[in-house]
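Whatever order the structure lists ligands and atoms in, that order sets their numbers, starting from 1.
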Amino acid sequence: MAKHVKGNVDWVGFVDWELQKFHGDDYSILNGSSQNSYLIREGKNVLIDTVWTPHKEEFIENLKKEIDLKDIDCIVLNHSECDHSGSLPALMKEIPDTPIYCTETAKKFVEGQYGKQGWNFHTVKTGDTLDIGNGKQLAFVEMKMLHWPDSMATFLTGDHILFSNDAFGQHFAVEELFNDKANRCLLNKEAMKYFANILNPFAPILKRKLVEIDKMNLPIEMIAPSHGAIWRENPMQIVAKYAKWADVIWSL
Ligand SMILES: [Fe+2]
Ligand SMILES: [Fe+2]
C-alpha cells in the first residue's frame, strides 16, 4: 500500500516486520525494518530505489496499483546493494528501456550483480540535475563510502526532500512512516545502532560530506532514507546527531 509523503511523492516500499538480521549475522534486527522506495509524480514520473529481492513480486504488484509501469519515465538508483536494487531485474523485464540514473560505480556494481543486460543507464555526479517538470528538479549528490563506493543521495527541489538512501536510516519498522509518529526512544536507539553498524567505519568521510552538504545550502525540509522512519519533524536533528556521533567515536 502506497503512503503519501509530501506533495506528489508517495512511499511505495516494503515494511519488513519479519527481518531478524542484516549483513549476515552481524546486525540483529529487533524492531523490524523497511526498504523504502518512493514514487514522484510530476511532469515526469520517477521511481527512487526498489526493495529487497524476496519482496520483488509484492513490490511490483503494489506499484502497479499506483501507476501503469509504462508511465514510469525514469528510475533513480541511489545504491546498488540488493536491498535497494533487488527488484530491479524483475521491474526491468516489464519496462526494459526505462532510463536508470545512478553513479558510474553503481552501474558497474549492478552489472556485476545482474549481468550486462543492456539497460539504459545514465551515470551522474554531484552537481548533475534532472528536470522532472512542474518547475522541479532532482539534484544528485555522490555519497562515496557512505556507506558504499557507489552510494548517492538525491534532492528534490520544490518539496525540498533529500532521498538519502542508507545514510540517516534505521532498521526500524514504522507503519506510520514518519519520525513524529514513531516511538522516539526506540527511533533514537535504532538510528544510533544503525550509525554504529553501517556508517561508523566511515566517520571521517562522513564528517567531510556533512560539511560539503552544508555548503551546498540545500533547503532540506525532509530526509527520506531507504530504511526506517522519514525525518519529517526537525529533519536536521539526525544530521546533527551524525556529526556528534562521528566526533564521539573518533575521539575515543
Ligand atoms: Fe547499503
Ligand atoms: Fe540499505
(request) Could you grab the distance from atom CG of Asn8 to atom CD1 of Ile132, nearest 0.5 Å is fine? (result) 9.0 Å
(message) For a quick check under 3.5 Å, do Asp49 and Asn165 share a side-chain donor-acceptor pair by atom type?
(response) yes
(request) Using only N, O or S atoms, tell me which atom of His227 is closest to the Fe ion (ligand 2). (result) NE2
(request) Could you go through the side-chain hydrogen bond (donor to acceptor under 3.5 Å, both in side chains) check for Asp83 and His227 one step at a time? (result) CA-CA 10 Å; Asp83 51 337; His227 299 287; 2.9 Å; yes
(message) Around the Fe ion (ligand 1), how many protein N, O or S atoms are found at less than 2.8 Å?
(response) 4
(message) Which residue is it: Asn78, Asp166, Asn36? I am looking for the one with a side chain to side chain donor-acceptor pair (under 3.5 Å) to His84.
(response) Asp166
(message) Please find the pair of heavy atoms, one from Ser151 and one from Thr103, that lie closest to each other, and give the distance.
(response) O-CG2, 4.4 Å
(request) Measure centre to centre between the rings of Trp148 and Phe109, then say whether the value is under 6.0 Å. (result) yes
